[in-house]
Undergrad: 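One structure, as structure tokens, below. Some questions next.
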Amino acid sequence: MADVELGADGLGLHERESCTALRHPFHDTALRPSVRRAVLASVTPTALYGTLLPEGSVRPELRDEARRFRYGRAAMQIHVALSRPLGWRDARLNTIPVVYLSDGSGSTGIACAEAEAGLLPRRPTVVVGQQYVLDSSRVQPGAAALWLQLQEVPFTPRGDAAGELDTAQGWTPELARGYADRVLHQIAGHAPGLPGKVLAVDVIAPPDLTRRNPSAVDGDPYGGSLELDQSFPWRPLPSSGRHATGIRGLWHIGASTHPGPGLGGISGHTVATTLTTGARFARLPRLSPGRRIRG
């Protein structure tokens, strides 16, 4: 096990023969965080084991597993400035900060399948954020703004399920705006006055999301696929599923770790509890090929 000595003076890591430095993810410099007790890395396993940690600092199987870590479907965001509030056909939605717009579970399932096949969904599920209803300072008096998130799009589109948009060149600005128009048209079916209220539209396509946030690998905003073999004690990696990294004092947290993405901050809370109370993670059996867990 590599050993990180954490400086008690808060000025950084004290160097000694077994000290491990982190590499900066954007340029070739060593990071020596100003810490007293532990380093919490809220990054993907790809970044932690493939970029931040130098060769030889962790077991080879950890790096191999990190290289095989899979990412899920991409997402995109659309920011819309409106001259006045949306005006839903169902007035009850006018005061709801987040509305999920879908034709039902069947529609969502079809959109997921289309995205998995590399197609732009014909009828995507749209997360409509109206945060200004909770915080009026976000917009000018009388105006409104929408934050739209699409969680079912391909990072590399191979076609359009509706047969309307040209995907031959990938996510061009024209394709991104064309798909945004489809989404706005879908919303307008429930808010008829929308087209005449749009002042500006800013589209963040999956490649844009990755450029702005290196943790959104392939446009995945959730830190990696959540299929069973990348969940529970196997998240993020089979050999590192309890936030420990194999380096003393370095802990792995964030959406890529158990229990996965969300707004609860549970991974950080779990590690903080361990550090402050001395609690230990439950010892879970490590699966090997052909072995079963018996309840």
Side-chain angles (χ1 to χ4, degrees), residues 1-72 210-211 213-218 220 222-225 227 229-260 267-268 270-276 278-289 291:
M1 173 184 291
D3 184 30
V4 177
E5 182 180 10
L6 304 174
D9 57 8
L11 297 178
L13 301 180
H14 285 237
E15 296 220 32
R16 62 184 188 184
E17 290 183 2
S18 57
C19 179
T20 300
L22 300 177
R23 305 300 302 176
H24 195 285
F26 304 117
H27 52 77
D28 189 24
T29 58
L31 295 177
R32 301 204 176 273
S34 297
V35 295
R36 292 178 178 274
R37 189 166 183 177
V39 174
L40 275 59
S42 183
V43 296
T44 64
T46 305
L48 182 61
Y49 296 105
T51 304
L52 291 169
L53 293 173
E55 288 291 336
S57 58
V58 295
R59 302 189 310 275
E61 59 264 32
L62 275 178
R63 289 192 184 275
D64 290 340
E65 290 174 3
R67 279 192 286 267
R68 296 193 299 270
F69 187 78
R70 305 186 311 280
Y71 293 90
T210 297
R211 281 191 291 269
N213 180 4
S215 290
V217 178
D218 294 341
D220 176 4
Y222 296 126
S225 170
E227 295 182 55
D229 64 323
Q230 289 193 174
S231 298
F232 303 110
W234 308 287
R235 189 170 185 88
L237 308 173
S239 297
S240 179
R242 291 185 292 274
H243 303 285
T245 62
I247 296 178
R248 191 175 70 184
L250 177 62
W251 300 82
H252 194 185
I253 65 170
S256 293
T257 69
H258 180 72
S267 63
T270 300
V271 172
T273 300
T274 300
L275 293 172
T276 56
R280 293 184 177 275
F281 293 106
R283 299 299 298 178
L284 296 171
R286 179 178 173 182
L287 286 184
S288 58
R291 180 183 174 188

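All figures in this text were calculated on a predicted structure; none of them were measured in a lab.
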Undergrad: Under 3.5 Å, is there a donor-acceptor pair linking the side chains of Y49 and T245?
TA: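 Side-chain D/A pair, Y49 to T245: absent.
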Undergrad: Quick check: closest heavy atoms across L275 and A38, and the distance to 0.1 Å?
TA: CD1-CB, 3.7 Å
Undergrad: Please walk me through it: do T46 and Y71 pass side chain to side chain donor-acceptor pair (under 3.5 Å)?
TA: CA-CA 10 Å; T46 305; Y71 293 90; 2.5 Å; yes
Undergrad: Do you know which two heavy atoms are closest between S225 and Q230, and how far apart they sit?
TA: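 Taking S225 first and Q230 second, the nearest heavy atoms are O-NE2, 2.9 Å.
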Undergrad: Applying the side-chain contact (heavy atoms from CB on, under 4.5 Å) criterion to S240, which one of L62, T257, L48 satisfies it?
TA: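 Result for side-chain contact (heavy atoms from CB on, under 4.5 Å) with S240: L62.
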Undergrad: Just to verify, which of P45, P236, S239 counts as forming a side-chain contact (heavy atoms from CB on, under 4.5 Å) with E65?
TA: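 So the option named by the test is S239.
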Undergrad: Measure the spacing between CG of L52 and NE2 of H252 and express it to the nearest 0.5 Å.
TA: 9.0 Å
Undergrad: Would you sort out whether T210 and D218 count as a side chain to side chain contact (heavy atoms under 4.5 Å, CB included), showing the intermediate values?
TA: CA-CA 6 Å; T210 297; D218 294 341; 5.6 Å; no
Undergrad: List the atom of L53, the atom of R63, and the distance in Å for their closest heavy-atom pair.
TA: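 Result for this residue pair: O-NH2, 3.0 Å.
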Undergrad: Going from CZ on R235 to CG on D229, what distance comes out if it is rounded to the nearest 0.5 angstrom?
TA: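 So the gap between those two atoms works out to 10.0 Å.
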Undergrad: Which is it for L40 and V271 under the side chain to side chain contact (heavy atoms under 4.5 Å, CB included) test, yes or no, and what are the steps along the way?
TA: CA-CA 8 Å; L40 275 59; V271 172; 4.2 Å; yes
Undergrad: With heavy-atom distances below 4.5 Å as the criterion, would you say the side chains of V39 and W251 are in contact?
TA: no
Undergrad: For residues A41 and L250, report the shortest heavy-atom separation together with the two atoms involved.
TA: CB-CD1, 4.3 Å
Undergrad: Can you tell me how far OG of S267 sits from NE2 of H243, rounded to the nearest 0.5 angstrom?
TA: 5.5 Å
Undergrad: State, with a plain yes or no, whether a side-chain heavy atom of S256 is found less than 4.5 Å away from one of V43.
TA: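 SC-SC contact between S256 and V43 ruled out.
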